[in-house]
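Inspection log for the structure reproduced underneath, given as structure tokens.
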Amino acid sequence: MSADKGITPRATDFSAWYNDVIMRAELADYSPVRGCMVIRPRGYGIWELMQRALDDMFKATGHQNAYFPLFIPESFLRREAEHVEGFAPETAVVTRAGGKELEEPLVVRPTSETIIYSMLGKWVQSYRDLPVLLNQWANVVRWELRTRLFLRTTEFLWQEGHTAHATSAEAEEETLKILAVYRDFMENWMALPVLTGVKTDAERFAGAVRTYACEGLMQDNKALQAGTSHFLGQNFARAFDVQFQTMDGTMDYVWSTSWGVSTRLVGALIMAHGDDVGLVCPPRLAPLQVIIVPIWRSDEERAATFEVAERLKAELTASGVRVDVDRRDGMKPGAKYYEWEGRGVPLRLEIGPRDVAQGQAMSARRIGGKQPVSLADATTVIPDLLDGIQTELLARARARRDEHSVRGTTKEQLIELMEGQGGFAYGGFCGDGACEQVIKERTKATVRVLPDPEFRSAEAPVRCVWCDRPSVTEAVWARAY
RNA sequence: CGGGGCGUAGCGCAGCCCGGUUAGCGCGCCUGCUUCGGGAGCAGGAGGUCCCCGGUUCAAAUCCGGGCGCCCCGACCA
């Protein structure tokens, strides 16, 4: 099982590197179905940890899980004009089932707003029924022309939150609350620093009033939209007639939100932290955080190192560390090291006869750094080491992002940057969609977000980076996935 | 959907131009022995509809025609 083939270096071909890492770390594989992937246990394990963390956060903010059908009557999609325009071209539709043509075709959900609003109409009568705070973990299908493992597959797994409120302000607050939850998760679990802000109309979700997003910068200096939170206003409520009686007896449509993150986050994790040896997984999302490698020559040494290794595993497991012992015979320690490094395990503990004699293990961090750890205090030192790696990964990613962020960009700089090394370019924006379109055609860069206040430049730009008309807002451009 | 590349053992490839008799190599896999603190060595062994269909030929992995699939780039894409 040891690597028989090297990984393409990032600098040589980032796409090839990305695919190589996924194969090497056994995260996913291509399936017999075009555009669809198989998520293998090591990849799914990361997703499960992501789900667990996010689900806890959603519950802590008052949301409940529910489940709506995979199939949506085709007519539902057509009820919201922008929504159908945005999604119809990429839907898969079932026209035949049970051996005969269906009276009405069923769309395989590309997102569930329509079917959820069709139900909310039945459930919401009064302001007392609000807010409705739902989340769904599901698979969705979007018939993309070009797919990439984790980043854009025909079928993907995600969560979609859908909430309905009595007032616009409350819905807006919910939208921002979730954006903050996403950011918290991305930074503190994925060790991925993100920019938050609002999307321009061109990048807005089909059917939303406003779309907010978290944008990360990958190691090839392309941006990745890691999560979105939409303020839907009353658009879907009107389309599906979700009305309620207000406190003063009048009727109103509910104000709603929707928000989601997907298995794309696994791709983000890979591209944010991986290196030329393979995957680098942040400890908090690592299915296996510590791998213990016993080293021996004789049977006596084998027995002694195994005993220490198993005892250490038991102690660490009891302290909440995800750990295993590599008991395989006939494989040299070095080969095991390479294998576990390729799989992204954050910390390795080597236990040989010398370590047994000294009551210690040699620790080796995936991101570099070796030090002996006394077995006596392993249960406190190891979690500390893992925390240290988590912290360092975030700091490293943040430094990398900041290094590739340019403020007060001029038109010439924007062109040069986008044709060259890439990164986030901050600059003034006239707010005109036509200008945005020209920039996209000329530089392939899109406005990733109109950044939230904390990300804005100290000095607000005065002129549009492109057309030199007065700037109405600062914007961040980048080429994106 | 346009451009490029590629389909030969589980993986990575050679062979094809110039058709020829048992289709090779590396890694991996199985068995045994020796190894084991940074990718082990030796010996033996298993494993193939050469992507598919059709054509040319005494003979096709190889030549010709047509399909299909995959990857990359682009267009498209919360």
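Below, chain A is the first sequence line, B the second, and so on; all start at residue 1. All figures in this text were calculated on a predicted structure; none of them were measured in a lab.
Of the C1' atoms belonging to B:U49 and B:G2, the separation is 34 Å, rounded to the nearest Å. For the C1' atom pair drawn from B:C11 and B:G67, the interatomic distance equals 27 Å after rounding to whole Å. One P atom belongs to B:C29, the other to B:G10, and the distance between them is 15 Å to the nearest Å. Taking atom C1' in both B:C58 and B:C17, the straight-line distance is 23 Å, to the nearest Å. For the C1' atoms, the distance from B:G47 to B:C30 is 10 Å, rounded to whole Å. Taking atom P on both B:G12 and B:C72, the two are 14 Å apart, rounded to the nearest angstrom. Taking the P atoms as reference points, B:A23 lies 14 Å from B:A9, given to the whole Å.
Ring pair A:W189/A:F185 is parallel by interplanar angle, where below 30° counts as parallel and above 60° as perpendicular.
Distance A:W296 CH2 to B:U35 P: 14 Å, rounded to the nearest Å. Summarising the geometry, the separation between CZ on A:R479 and P on B:C76 is reported as 13 Å, rounded to the nearest angstrom. What separates NZ of A:K336 from P of B:U35 is a distance of 17 Å, to the nearest Å. Taking atom OH of A:Y182 as the reference point, atom C1' of B:A78 lies 11 Å away to the nearest angstrom. B:C70 atom P lies 16 Å from atom CE of A:M37, rounded to whole Å.
At the heavy-atom level, A:Y212 lies nowhere under 4.0 Å from the strands shown. The residue A:E341 sits close to a base: some heavy atom pair falls under 4.0 Å. Among the heavy atoms of the strands, none lies under 4.0 Å from A:W143. A:Q225 comes within 4.0 angstrom of a nucleotide base, judged by non-hydrogen atoms across all strands. Across all strands, A:R302 comes closer than 4.0 Å to no nucleic acid atom at all (heavy-atom distances). At a threshold of 4.0 angstrom between heavy atoms, the contacts of A:N19 are confined to the sugar-phosphate backbone, with no base atom among them. A:T211 comes within 4.0 angstrom of nothing in the nucleic acid, heavy atoms only. Within the 4.0 angstrom heavy-atom criterion, base atoms lie near A:R354.
B:G69: Watson-Crick or G-U partner is B:C6, with both key distances under 3.5 Å. Here B:C25 sits opposite B:G12 as a Watson-Crick or G-U wobble pair (both hydrogen-bonding atom distances under 3.5 Å). In this entry B:C1 has B:G74 as its Watson-Crick or G-U wobble partner, both defining distances falling under 3.5 Å. Base pairing annotation: B:C50 forms no Watson-Crick or G-U wobble pair, as no partner gives both donor-acceptor distances under 3.5 Å. Pairing partner, B:G20: B:C58, with both Watson-Crick or wobble hydrogen-bond distances short of 3.5 Å. Pairing of B:G32, defined by two Watson-Crick or G-U wobble distances under 3.5 Å, is identified with B:C42.
In this structure, A:R297 reaches the B:C36 phosphate: one of its side-chain N or O atoms is under 4.0 Å from OP1 or OP2. A close approach under 4.0 Å does not occur between any side-chain nitrogen or oxygen of A:K332 and OP1 or OP2 of B:G38.
Contacts with RNA chain B (heavy atom under 4.0 Å) in residues 66-91 of chain A: A:E90, listed by number.
When distances are taken from the side chain of A:K444 to each of B:A75, B:A78, B:G37, the shortest belongs to B:A75. The side chain of A:D355 lies closest to B:G37, out of B:U35, B:G39, B:G37. Ranking B:U35, B:G38, B:G37 by closeness to the A:K370 side chain, first place goes to B:G38.
Paired with A:E339 under the rule salt bridge (charged side-chain N to carboxylate O under 4.0 Å, His left out), one option of A:R24, A:R328, A:R348 passes, and it is A:R328. No option in A:N139, A:T114, A:T91 other than A:N139 meets the side-chain hydrogen bond (donor to acceptor under 3.5 Å, both in side chains) test with A:R109.
Residue pairs meeting the salt bridge (Lys or Arg N to Asp or Glu O under 4.0 Å) criterion with at least one member in residues 265-280 of chain A, sequence neighbours excluded, are A:R10-A:D276, A:D275-A:R366. Within the structure, every pair that satisfies the salt bridge (Lys or Arg N to Asp or Glu O under 4.0 Å) test and touches residues 291-308 of chain A, not counting sequence neighbours, is listed here: A:E307-A:R311.
Atom CD of A:E85 is surrounded by 12 or fewer heavy atoms from other residues, nucleotides or ligands within 6.0 Å.
Of the charged side-chain nitrogens involved, none lies within less than 4.0 Å of a carboxylate oxygen, so that A:E350 and A:K336 do not count as a salt-bridged pair. A salt bridge between A:E80 and A:R238 is absent, with no side-chain N of the basic residue lying under 4.0 Å from a carboxylate O of the acidic one.
Lacking a ring centre under 5.5 Å from that of the base six-membered ring together with a plane angle below 30°, A:Y337 does not count as stacked on B:G38.
A cation-pi contact, defined as under 6.0 Å to the ring centre and within 45° of the axis, links A:R79 to A:F76.
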